[in-house]
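Indexing begins at 1, ligand by ligand and atom by atom, following the structure's order. Along the sequence shown, residues carry numbers from 1.
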Amino acid sequence: MIRLIQQNVFLGIIIVAIIIAMTTYFINKNAKESEETIVREFYALGTIIRLRVDGKNGEEAIQEAIDRLNVIENKMSVFKEYSEVSMINKNAGISSQEVSTDTYFVIKKAVKYSILSEGTFDPTIRPIVSLWSIGSDKPRIPSKSEIERNLKLVNYEDIILDEKSYSIGLKHANQAIDVGGIAKGYAADEVNKVFKNRKIKSALIDLGGNIYALGAKPDKTLWNVGIQNPFNTRGEYIGVISVKNKSIVTSGNYERYFTKEGKIYHHIIDPKTGYPSESEIISSTIISDHSIDGDGLSTGVYIMGLEKSVKLIQSLKGIDAIFITKNKEVYVTSGIKNNFKITNIEFIYKDNI
Ligand code: ADP
Ligand code: MG
């Protein structure tokens, strides 16, 4: 009898001790998580991705975001042999391919921005992009005849979209789609969705310079995002834009390029010439609610030239831009004037074009 009581007391003490230990663990964990800022850096979609999340559920949210990014990459990368985009390309001139809603949405938007940018943005640029191989370890200057030959294949009007069957095709053999100029924007929007579903109130999503600022900073002030100095190495800014719940996407000549005999060959190709764009704009930043819009537009307006680009952005509701020219002039559209400050005095603020 006495032994039984002793055993029960002993068991009781152990149970109480376990309960205390577990409660302390969870209190500490919660306290730590709510103060914690989690930053994760990794490589995906051909670029360095940096996710910064504040508050509870950060770890789980980041993991889910990484999974989502991998799904998007597997569907849209032209470097994956069996991605949906690769399948469309393999069957160019033969048949349309049924694709997921992700890929359909991105290519449909890409066509929309091709029309808006008067074909300066063109997702069928792939045959030219692969000639140059910029960003690979073997970039090269193609011959004039190679460019002429492949330029004939570039035409976004040859993309066949069928909304009923969710299928996409290309009219002619050897045509190929490249969503490299727009997919990161979509991916940023999807990470934003994942975070919002997980009740994250504050995060900074950076997909290789394609940025989405979710909410405000944990201290409730606006996020400050630096606009890269296109004449300098990464990390130096010409100015700062302060925002919350906005996408900030920049296309710049400094992102991917190679130099040959003193000349820079960058990765934004003018579909009219087949050569890197030579407009006076060397950096175009789009500020918008959705990153896919910012990404789709930033590449096209970079090529379009200043006058047309400013007009186009001003005509689009809820979309703003910062353009930097070869002469170090900075043009800012009216919607963000009060949120943007030049911090490098070499650059001159221009009100009008
Ligand atoms: P980044 O990928 O550096 O963020 P962009 O969004 O401007 O920059 O996309 C550039 C990429 O888009 C290129 O690497 C290429 O794959 C593709 N591209 C190049 N020129 C064009 C173009 N005129 N229209 C559509 N896509 C393009
Ligand atoms: Mg883009």
Enquirer: Considering heavy atoms of the protein only, find what lies nearest to atom 7 (O) of ligand 1 and give residue, atom and distance to 0.1 Å.
Expert: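 In this structure, atom 7 (O) of ligand 1 has Ser251 OG, 2.7 Å as its nearest protein heavy atom.
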Enquirer: Would Gly181 count as a contact for the Mg ion (ligand 2), in the sense that one of its N, O or S atoms lies under 2.8 Å from it?
Expert: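 True for Gly181.
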Enquirer: Among protein heavy atoms, which lies nearest atom 6 (O) of ligand 1, and at what distance?
Expert: Asp295 OD1, 2.9 Å
Enquirer: Considering non-hydrogen atoms of the protein only, which is the closest contact for atom 3 (O) of ligand 1, and what is the distance?
Expert: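 For atom 3 (O) of ligand 1, the nearest protein heavy atom comes out as Glu255 OE1, 2.6 Å.
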Enquirer: Would you call Glu64-Arg198 a salt bridge at under 4.0 Å N-O?
Expert: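 Judged by the 4.0 Å cut-off on N to carboxylate O distance, Glu64 and Arg198 do form a salt bridge.
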Enquirer: Could you find the nearest protein heavy atom to atom 20 (N) of ligand 1 and give me its residue, atom name and distance?
Expert: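 Protein heavy atom with the smallest distance to atom 20 (N) of ligand 1: Ile269 N, 3.1 Å.
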Enquirer: How far is atom 9 (O) of ligand 1 from its nearest protein heavy atom, and which residue and atom name does that atom have?
Expert: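 The protein heavy atom lying closest is Gly181 CA, 3.3 Å.
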Enquirer: For Tyr265, does the six-membered ring have the charged nitrogen or CZ of Lys263 within the cation-pi criterion, i.e. under 6.0 angstrom from the centroid and within 45° of the normal?
Expert: yes
Enquirer: For Thr103, run the side-chain hydrogen bond (donor to acceptor under 3.5 Å, both in side chains) check against Lys75, Gln97, Glu84 and tell me which one passes.
Expert: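 For Thr103, the side-chain hydrogen bond (donor to acceptor under 3.5 Å, both in side chains) check succeeds only for Glu84.
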Enquirer: Can you tell me which residue and heavy atom of the protein come closest to atom 5 (P) of ligand 1, and the distance to 0.1 Å?
Expert: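 Ranked first by proximity to atom 5 (P) of ligand 1 is Thr299 OG1, 3.4 Å.
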Enquirer: Would you kindly check if the NZ (Lys) or CZ (Arg) of Lys109 is within the cone defined by 45 degrees around the ring axis of Tyr186 and under 6.0 Å from the six-membered ring centre?
Expert: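 No, cation not above the ring by the 6.0 Å, 45° rule.
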Enquirer: Taking Asp162 for the side chain and Ser167 for the main chain, is one N or O donor matched with an acceptor at less than 3.5 Å?
Expert: no
Enquirer: With carbon and hydrogen excluded and only N/O/S kept, which atom of Asp295 is nearest the Mg ion (ligand 2)?
Expert: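 Nearest N/O/S atom: OD1.
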Enquirer: Counting heavy atoms only, which of Lys184, His266, His267 is nearest atom 14 (O) of ligand 1?
Expert: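 Selected option, by shortest heavy-atom distance: His267.
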Enquirer: Distance to 0.1 Å, residue and atom name: give those for the protein heavy atom nearest to atom 27 (C) of ligand 1.
Expert: Ile125 CG2, 3.6 Å
Enquirer: Atom 15 (C) of ligand 1: which protein heavy atom is closest, and how many Å away?
Expert: Asp178 OD2, 3.5 Å
